[in-house]
2 protein chains.
Amino acid sequence: MSLPHAILTALMEKPSSGLELTRRFDRSIGYFWSATHQQIYRELGRLESEGHIRALPSDRPARGQKRSYEVLPAGRAELARWTAASQDPKPYRDALLLRLRAAAVVGGTGIEADLRRHLDLHRAQLAEYRAIEERDFPPDRVTPQDRVRHLVLRAGIDLETFWTEWLDHALTEFADLDGTGTAD
Amino acid sequence: MSLPHAILTALMEKPSSGLELTRRFDRSIGYFWSATHQQIYRELGRLESEGHIRALPSDRPARGQKRSYEVLPAGRAELARWTAASQDPKPYRDALLLRLRAAAVVGGTGIEADLRRHLDLHRAQLAEYRAIEERDFPPDRVTPQDRVRHLVLRAGIDLETFWTEWLDHALTEFADLDGTGTAD
DNA sequence: CGGCTTTATGCAACTAGTTGCAAAACATCG
DNA sequence: CGATGTTTTGCAACTAGTTGCATAAAGCCG
């Protein structure tokens, strides 16, 4: 149950409309908590009806008309509560690893192209994170907030680094196997 | 849509009942595709009705009575099809990173205990993976199947290594911050 | 102006995973 | 034998995320 808190966080950083939030999720928060615009609008409605956020006053509120929201004290309190509360890590799921295990059993042909594709995607993501690091985290200007944000970005960078390295390794392993024969 | 394929993979490796599958998921496949027994039973029913698996003949089939399943040719074909088909990586979600980002905004107190708890869990998981590696993957006996499985295990080990290192780093960072003052 | 595209909001149906609970068979122990 | 506990199977309701589509306003272009 984290989407409302992701939205609260984003709105604390800057009051926004649904579409603006969607774009910001695509660029930033979505790196570790993605959401579609449909989810976001639905959740904004809920958060408003619960009194956690409110729409900024606008002359002509209507469908197709921009509606910006800001966080109310109750919302901030809820976010602080959630942040401090202990949470169990939720079970890990990774379809690619599962497919590889399945490939080991049915004789894996055709999975290599997809490994390569994933490698490209992870490389691109890694490059993007590195660019953000260079742009937003110069060695000076290290407020506590910056340091925490940098820490989060570091996790993203290290994760993508891991995946690129692992996929690279997996591909050489497969190339090797195809020489010997993969069928079982 | 991967649970049926996880189950097919497990049943290819060895025909099993629902409860046996549940236990095997807890120990092995569940490391990257977890499932509860309720999910597994539901899915076994579906797979059977689709003709992908069948119950092994038993004298007295009834509720409370063990029912083992084996994969039929159609099931094997479906698994091979799925394995070879290209799939987009699904968006990453991580509640802990989100919480940290929220903490940067509302002033993060109280999250450290949970970081420590997560660190312990990841350390335990890493130790478990390392034990499996030593037990199941001696340097000799390297069939193609073994090599692919080892590759998958390596991913688990490297991921847990990453998390333990990152959490360790995060905790020293936080200790440092508390000296300077975290509140915003 | 009239049609086309973009911006913006939003509903509804569907899919997948989680949680809570229960029932049938079997084992054990007094 | 009967009470109690364990194994095994399973239903039902709920929660969260995905997909497909609809609607309204505003901007652009000929």
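Labels below follow one simple rule: chain letters A, B, ... track the order of the sequence lines, proteins then strands, and each chain is numbered from 1. Since this is a predicted model, take the numbers as computed values, not measurements.
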In whole angstrom, give the distance that lies between atom [atom1] of [X] and atom [atom2] of [N].
X: M1(A); N: dC14(D); atom1: CE; atom2: P; value: 17 Å
X: R24(B); N: dT8(D); atom1: CZ; atom2: P; value: 15 Å
X: L21(B); N: dT8(D); atom1: CG; atom2: P; value: 12 Å
X: E20(B); N: dT7(D); atom1: CD; atom2: P; value: 13 Å
X: Y92(A); N: dG17(C); atom1: OH; atom2: P; value: 15 Å
X: L3(B); N: dG17(D); atom1: CG; atom2: C1'; value: 17 Å
X: Q87(B); N: dA16(C); atom1: CD; atom2: P; value: 12 Å
X: K90(A); N: dA16(D); atom1: NZ; atom2: P; value: 12 Å

Checklist line | Residue pair Q145(B) / R149(B), side-chain donor-acceptor N/O under 3.5 Å | finding: yes

Next item on the list: Return yes if a side-chain donor-acceptor contact under 3.5 Å exists between S28(A) and R101(B), otherwise no.
Entry: yes

Please name all residues satisfying salt bridge (Lys or Arg N to Asp or Glu O under 4.0 Å) with [X], sequence neighbours left out, ordered by chain then number.
X: E70(B); result: R54(B)
X: E165(A); result: none
X: E78(A); result: R81(A)

Check: residues 130-138 of chain A side-chain donor-acceptor pairs under 3.5 Å, at least two apart:
from	atom 1	to	atom 2	distance (Å)
E133(A)	OE1	R154(A)	NH1	3.3
E133(A)	OE2	H150(A)	NE2	2.8
E133(A)	OE2	R154(A)	NH1	2.7

Next item on the list: Give one of base, sugar-phosphate or nothing for S17(A), where a contact means two heavy atoms less than 4.0 Å apart.
Entry: sugar-phosphate

Checklist line | Residue pairs fulfilling ring pair (Phe, Tyr, Trp, His ring centres under 6.0 Å) with at least one residue in residues 26-46 of chain A, sequence neighbours excluded | finding: Y31(A)-Y129(A)

Next item on the list: Mind jotting down which residue pairs meet the ring pair (Phe, Tyr, Trp, His ring centres under 6.0 Å) criterion with at least one end in residues 77-104 of chain A? Sequence neighbours excluded, please.
Entry: H5(A)-W82(A)

Check: Has R23(A) got a side-chain N or O lying under 4.0 Å from the OP1 or OP2 atom of dT7(C)?
Finding: no

Next item on the list: Check DNA chain D against residues 6-13 of chain A and give the residues with a non-hydrogen atom under 4.0 Å, in numerical order.
Entry: none

Next item on the list: Only counting residues at least two apart or in another chain, list the ones meeting side-chain contact (heavy atoms from CB on, under 4.5 Å) with S86(A).
Entry: D114(B), R117(B)

Notebook entry, point to check: Which residues in residues 28-46 of chain A have at least one heavy atom lying under 4.0 Å from any atom of DNA chain C?
Noted result: H37(A), Q38(A), Y41(A), R42(A)

Next item on the list: Could you check which of dA16(C), dG10(C), dG17(C) has an atom nearest any side-chain atom of R93(A)?
Entry: dG17(C)

